[in-house]
Structures are given as structure tokens and as C-alpha cells.
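Heads up, the thing below is written out as C-alpha cells.
First the proteins, then the strands, lettered A, B, ... as listed; each starts at 1.
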Amino acid sequence: MARFLGYTLESSITTAKEYMSTGIHEPNGSPSSSIAHQLLSGLNAAQMEAVQQMDGPLLIVAGPGSGKTRVIVHRIAYLVRVMGVNPYRICAVTFTNKAAKEMKERLVRLLGTRSEHLAAGTFHALCAQILRREGQAIGLSSDFVIYDTDDQQSLIKQAFEAEEVDPKRMPTGGVHNAISGAKSQLITPEGYASRAVSQYEQMVGRIYKRYQQLLERSQAVDFDDLLLKTYILFREHPEVLEKWQNRFQYLMVDEFQDTNVAQYGLARMLAAQHNNICVVGDPDQAIYSWRHADVRNILSFQRDFPAAKVVRLEMNYRSTPYVLKAAQAVIVANQGRIEKDLIPSKSGGEPLVITEAYNEEEEAQWVVREVDRLKRDDGYKFSDCAVLYRVNAQSRAFEEACLRYGIPYRLVGATRFYQRKEVKDILCYLRLATNPQDEVSLARVINVPPRGIGQKTVDDLIRWARSLGTSTVEALQRIETDQAAPVGKGAARSALMKFAQLLKDLTESAAKLPVLEVVDLAMQRTGYKEFLLRQETGGEERWDNLQELRGIASEFAEPPSPEGLTAFLERIALVSDTDNLDEAKDGVTLITLHQAKGLEFRAVFLVGLEEGLLPHIRSMDDPHQLEEERRLCYVGMTRAQERLYLVRAFSRHIMGGSSASLPSRFLRDIPPNLWTPPEGMQKTTLTEPRPSRRAAVVETIAGKEIANKPMLNPGDHVKHGKFGMGVVVSCLPSGSDFEVTVAFKENGVKKLLYSLAPLARV
DNA sequence: GCCGTGTTATTTTTT
DNA sequence: ATAACACGGC
């Protein structure tokens, strides 16, 4: 089974009986009291209380850096080792699959391999597994496909068409959001329609209903359906619910502040039998309301479980007092929050550094240089440093700066790997191979690479399929035998038949070959490689992406298809890019604020602190959204262990042109005694609209003097520490530095920055 | 049916 | 700035 999912529900099920009969016994025979002691040692009073509170409902309010993960892990260990609970009877729900994986790894270290029987994963992964096993009860095939955002979007467009609604009158994005929101609150199409008031809502109701029909036709579920359908399954089949209630004697939900109504509903259902439900959260870190998370779940929990014990973890083990005070100063401005303290356990530390750059290039350059300085002067590793930003688009300037300065970086999830065109195309072929009903995948690849099946032919084919009452793929297969099929003629007809054969072969091999071979077959038979390489730009890179996909596919050698293929597709649907962050590589982490939740770094650079960016312009007209922006800022700041830099740029390129911006209001909330400007700069008031532009050319860079003219001229012979001998091609001013292009004898042409590159004229 | 050109909207954050 | 999209010529 797919172990790397960090989630082994399936394997737990198959081995449960055998496992349960072995019972629990201590390997070294030590009495459980000493184990209890061991598991509690090093915990503070509140943490101990949280670990030992086993039975009944429990709410843990855990501030950032309060050792929350440690408490969860120790609590599970305590349940297993001291209370003798079988790990198989414990369910731990996490926010990401990565968190689940890490939790399991820590538990394996603490408890040994039997902790692998613990069910740990996201709500979505948990529900997907339940639905694969039990979904037939509500008419769901076990081969159902999970549609991602793009698939959903195209299905919504189809629903618009079917309902004859002009997408220009109602943007699909808004409708999508409304449907997703309804599902997250457990509202079915019927329920939605019945309470629709405005004309808009009535229209959404119609599209929602149609959209749901289209999903069912394709044997597909979207992300929200995973939750909603599991909820419906439990509600309509109490015997199924009972089975899972019995299984999960103890339930824990992490990041509870970012759960939605559907998730909370599921948790409540699952816990109804034993009532042992422990939720962990921090209302100040609720940052996913746009995904329909509802922080009020914390209040609902206290209402639904009035006997719930509440434990607060306020001691902070992560950050210096400077960082904590500054973060606190930002968050207290929110209205109606539950007062919560952050008590530093560390002392000393450095004041924050707040600075301003002229534009995003200078911002990135300043940050990258400071990272380099931290490494040189203060013994930091690159991987101790992270750049946190509001929107993915900001990563570009930092990537470029890192490349120029030769600083390694780890970029988290900018363009999602699985959403890349070429990757998605191949995945759609695989999806069709397991589920020929998948209309969205079919529509996507029927003429990719171009094989002579045009729009007209596709329309005719779909119309014919509808009239036959079959799936499009089935109609396609029927053309060969049905000479009278009113679809395509001449070249188009033979192209259709060839494509039908391709799908048939693919389906056949999917039933027996390992995933990797199915991937290879799909690429071969479609001529995908040639298709890519004949593109003018980016073909090679895209081909590389497919090689990477092959690498992932090869991990799914066991079990053989079709289970392996299903597991492969499911992992791709549910596992985020953060989950694959390469821990081994030493590099600066470039990451969005949202993705940074739960992470920590010795040095954090929170960038783009400008009105319109953080807080984001789209949040500025709604006080609730504005409060969420503030929490986002708070989350970012509290990622820092030792050093926190807050950076803003005066001017930023936005949609072509460049525009000026004001310093973020959050900066103004930080008391002046907590921060300093960078060395050699004036402490400004942070209210000035425009920074005093620094001298364009710094006098000295990294010990080398820089006059206002290039130090190197084209034609000069140079020697580089790593690349060897070369000839200067050009030397151009760049920011406060020079960009030197050198043609190396052995290593080709490189662009280097004068201040950092170990270059010497010879 | 394919491909090139010009037009247009699009940008928040992600399981 | 970039990419998806529509249109028209081949």
C-alpha cells in the first residue's frame, strides 16, 4: 500500500485482526508508570495536562510555538503505551499530508513500527479511503475519480452550457465558489435551491444541480464531495457509521481553527460513540476562511460538548521575546478575539529589522544579500532562512536574485506540478484508463496531441453518445462496429477509430501492468514526446516534467494495477506540493504565508509589507477579511525563531506597469523599541509613502570597492573559483552591483554578480 | 482541421 | 506581463 501517503488506513484494515489479537505488551517489560514518567518528562504543566486528559472531549488552545505537535504526539504515545490503547483505534486528522507523515515518523521513533497502524491523514484523504470502501452504498463506484480545481472549473463551464447561461453574465469562478461554499456547509443542491432568494442564487442553484449531475455521470467527486458524500453516507447508513465509530475510539483533530462545517460535522459524528474527541487549534491562526473554514467551530465545539475540558498552551518555545512582542502587537488589534498570551521561554535575541526597498528587485536583492551575510557572519545555513510572501507571484524576484547570487533555494508550490499541462494530460489518459466515464478527462485529451479530431467531430460524438444514453468513450468504441454512426467521415472517422483503439489498449494494460509501464505506454502511443519536442519553446523542460512524473509512478510498483494506479491517482489528487518539500537540500525556502503555517525557521524574511499586498487589496473592503490578513501577518511573524525581517518595496510591477504603494498598516503596530533599520540606514517613521532611495551605488560591496564604472571590460580574461578560466562578455550595472557575463572555457556562458562571484582578472 | 494572430481578462491564499 | 480565448486564413 502507499506508505508515503503517510496514511495507511487500507493496510491497517487488512492487518487489524491479526494485530489486535497480539495485544499490547511492553518490549522491555518496564512498568507503565515509568513509561508515563518518560512521556511526561520535559513537558510543562499545561502540556502534561493535555497529554494526560484521555477521556471525554478536550479543547487545546495552542499558541504558535507552544509545543503543540509534541503534545499531540506524546498524547498518542501515552494512549498507546500507558493506557494500552491499540493505535489502530486512534484517528488523528491533520491539516496536510505532510503533517500526518511527520507525526507518524515521530511516533514510530517513540513507539516502534506498530504505530503505523494509526490512522493519520487529512479529512480529505480519510474520506477518500472511506468512500472507496463504502461509497457503493450511496451509488459511488469504487473507481471514482477526484476532480481538482481545473477539472471542476471546466465542468462548471459545461453546466453553464447545459443550463444555457452566458458565462459572461455570471463569472464561473464566483459560481464555483458558491457551490464549494454550499458543500462545505453540508448543503445539497436541493437544499440550496430551496433557500435561494435572489435571482443570482436561484441561478447558482440550477447550475449546482446540473454540475452535480455531470459529476455523477463521470463517476467523479470534487474535493468538497469527499466530505459531503462521506457525511451523507454516514447519515443514510447508520450501520456504516457505527462501524467507523467503533473503530475510532479516540479522535484527534489538529488545526481545528481551519476546519469547515462539514469537517466538524464529520468529526462530531465519528466521535459520537465514545465521546473521546480532542481538538487542537488557535483562533489567531485561522487563515483559511476563503476556503470556507469556519473558526466558529471552536465555539460550536464548546456548545456541543459542554463538558469539554479546555487546556491553553501559552508558553512559547520557538521565538525570542522581540519576535513575540512584535507579533502580539500586531494581533491584539483584532476585535473580539479571545485574549491569549505568548510567554517567551527564550531570552535575549535581536530586535526585528524593518527596511524598505525601492522596488521588488531591490527588495529581493537586499534579502538575498542578507541571507548570504547571515551565512557568512553568523553561521546560519541557507535552510535556516525563509522568505515568506503573500502571493506566489512574488517568488519570481527572489528566484531571480537567488540565481544571480548563486544562492540555492527551495521554491514551494508556485506552479503546481500536477497542474502543469503536460503532466495533467498524461494523468487524464491514466484516469480514462481506470474510469472511461470520466468526461472531463476525455474532453481534455481527445485531440491532444493533435490527431485530427476537431471540435465539430467532438460535438457530433458527444451528441450521439447522449442520444444512445452512453458515455462518450463507449460511443467512441461503438463507431467501429456501427457503420451508420453519424460521427465524422473520412480522415476524422479513422482518427476516431485509432483513438478508440488507443484507449482500449490503455485500459487493458492499466488492468495488469505496473503504473510506470502504463505511463510509458500512454506517452508512447500518443506520441507525446515528439509532440513536446516539436514545440518551439519549453519542450525540453516539459519533457523533464514528465520524467519526474515517471519517477513518482515508479514508486507505485506495488501493488500491481489497478490498485496501484488508483493509489497513484489519489495521491496526486490529494497531496500538495508542500508535502514534497525536499528537506535534504540546503537552500533558502521561498514560500507563501499560507503554506508556511506550522513551519519554523531561524531567520524569517516577511516581504511585501505594503497596503494592497499584505493586507491584500481584495480583503481591504471587508473588516473580517482584513482581520484574517492580520492573522496571516501574525502567522508569518511567529515562524521566526531568532531573527525576523520585515521588508517592503515602494514600487512594484503589477500587470505590466509599475505602481507605488504605502507601507502596510501592520508595520505601524510594531512599537519602535522592538526594531531597528539595517546597518547604516536611517530609522524612518514607516508612514512615509516613499522611502529615501538609497544611494544607487554602494561604495563597497563585500569588501571590493566599486566605482561608478565597470571593474571588468569585455574581452578581459578572468578566473573563477569554480568555473575556471573565461572571457568577459559584458559587465552591466545592476541595482547597486554589476552583472558580469562570462564565457567560460569549460563551463559555458554564466551570468554572475560582481560582488559575490569569486572572480579575478588575469 | 490546424495554426497563427489579435483580443481579452486576469491575480490571493489550496485540500 | 501573461495566458487563455476568439477569429480568420490556409
Round to the nearest Å and state the distance from Phe223(A) atom CZ to dT14(B) atom C1'.
8 Å
For Gln595(A) and dT14(B), is the shortest distance between a side-chain N/O and OP1 or OP2 below 4.0 Å?
yes
Under 5.5 Å between ring centres and under 30° between planes: does that hold for Phe95(A) against the base of dT15(B)?
no
Checking contacts here: which listed nucleotide (dT15(B), dG1(B), dT11(B)) is nearest the side-chain heavy atoms of Arg618(A)?
dT11(B)
Glu400(A) CD to dA1(C) C1', in whole Å, measures 12 Å
Think Thr457(A) has a side-chain N or O under 4.0 angstrom from the OP1 or OP2 of dG1(B)?
yes
Mapping His616(A) and Lys456(A) onto DNA chain B by nearest heavy atom, which one lands closer to the 5' end?
Lys456(A)
Atom NE2 of His653(A) and atom P of dA1(C): how far apart are they, to the nearest Å?
9 Å
Taken in chain and number order and not counting sequence neighbours, the residues that satisfy salt bridge (Lys or Arg N to Asp or Glu O under 4.0 Å) with Asp460(A) are Lys456(A), Arg463(A)
Report the residue (Gln152(A) or Arg451(A)) whose heavy-atom-nearest nucleotide on DNA chain B is the more 5′ of the two.
Arg451(A)
Taken to the nearest whole Å, NE2/His176(A) to C1'/dT14(B) is 11 Å
How many whole angstroms separate atom CD of Glu628(A) from atom P of dT13(B)?
14 Å
Any Thr592(A) side-chain nitrogen or oxygen under 4.0 Å from OP1 or OP2 of dT14(B)
yes
Cation-aromatic face contact Arg630(A)/Phe666(A), 6.0 Å, 45 degrees:
no
Does some side-chain heavy atom of Glu362(A) sit less than 4.5 Å from a side-chain heavy atom of Phe650(A)?
no
Looking only at side-chain N and O atoms, does Asn545(A) offer a donor or acceptor that is under 3.5 Å from a partner on Glu422(A)?
yes
Listed nucleotide nearest any side-chain atom of His124(A), set dT15(B), dT14(B), dC2(B):
dT15(B)
Separation of dT13(B) atom P from Leu590(A) atom CG, nearest Å, is 15 Å
Does Asn260(A) put a side-chain nitrogen or oxygen below 4.0 Å from OP1 or OP2 of dT15(B)?
no
Glu360(A) has an atom CD; how far is it from atom P of dA1(C), in whole Å?
12 Å
Of all the nucleotides listed (dG1(B), dC2(B), dT15(B)), which has the minimum atom distance to the side chain of Thr149(A)?
dT15(B)
N/O to N/O distances under 3.5 Å, protein versus nucleotides 2-5 of chain C:
unit_1 : atom_1 : unit_2    : atom_2 : d
dC5(C) : OP1    : Lys157(A) : NZ     : 3.4

Just by distance, no angles: are the side chains of Glu629(A) and His616(A) close enough, under 3.5 Å, to form a donor-acceptor pair?
no
Determine the contact category for Ile453(A): base if any of its heavy atoms lies under 4.0 Å from a base atom, sugar-phosphate if only primed atoms, P, OP1 or OP2 are that close, otherwise nothing.
sugar-phosphate
Ignoring backbone atoms, test whether Asn447(A) places a side-chain nitrogen or oxygen under 4.0 Å from the OP1 or OP2 oxygen of dG1(B).
no
Quickly work out the Arg652(A) CZ to dT11(B) P distance and round it to whole Å.
19 Å
Begin from the C-alpha positions of Lys597(A) and Glu255(A) and carry the test salt bridge (Lys or Arg N to Asp or Glu O under 4.0 Å) through to its verdict.
CA-CA 10 Å; Lys597(A) 183 167 84 159; Glu255(A) 304 285 6; 3.4 Å; yes
Let's go through Arg410(A) and Thr589(A) carefully: what are the C-alpha distance in whole Å and the side-chain angles of both, what is the deciding distance for side-chain hydrogen bond (donor to acceptor under 3.5 Å, both in side chains) to 0.1 Å, and is it a yes or a no?
CA-CA 5 Å; Arg410(A) 304 183 294 181; Thr589(A) 301; 3.0 Å; yes
Quick one: salt bridge (Lys or Arg N to Asp or Glu O under 4.0 Å) partners of Glu628(A), sequence neighbours excluded?
Arg631(A)
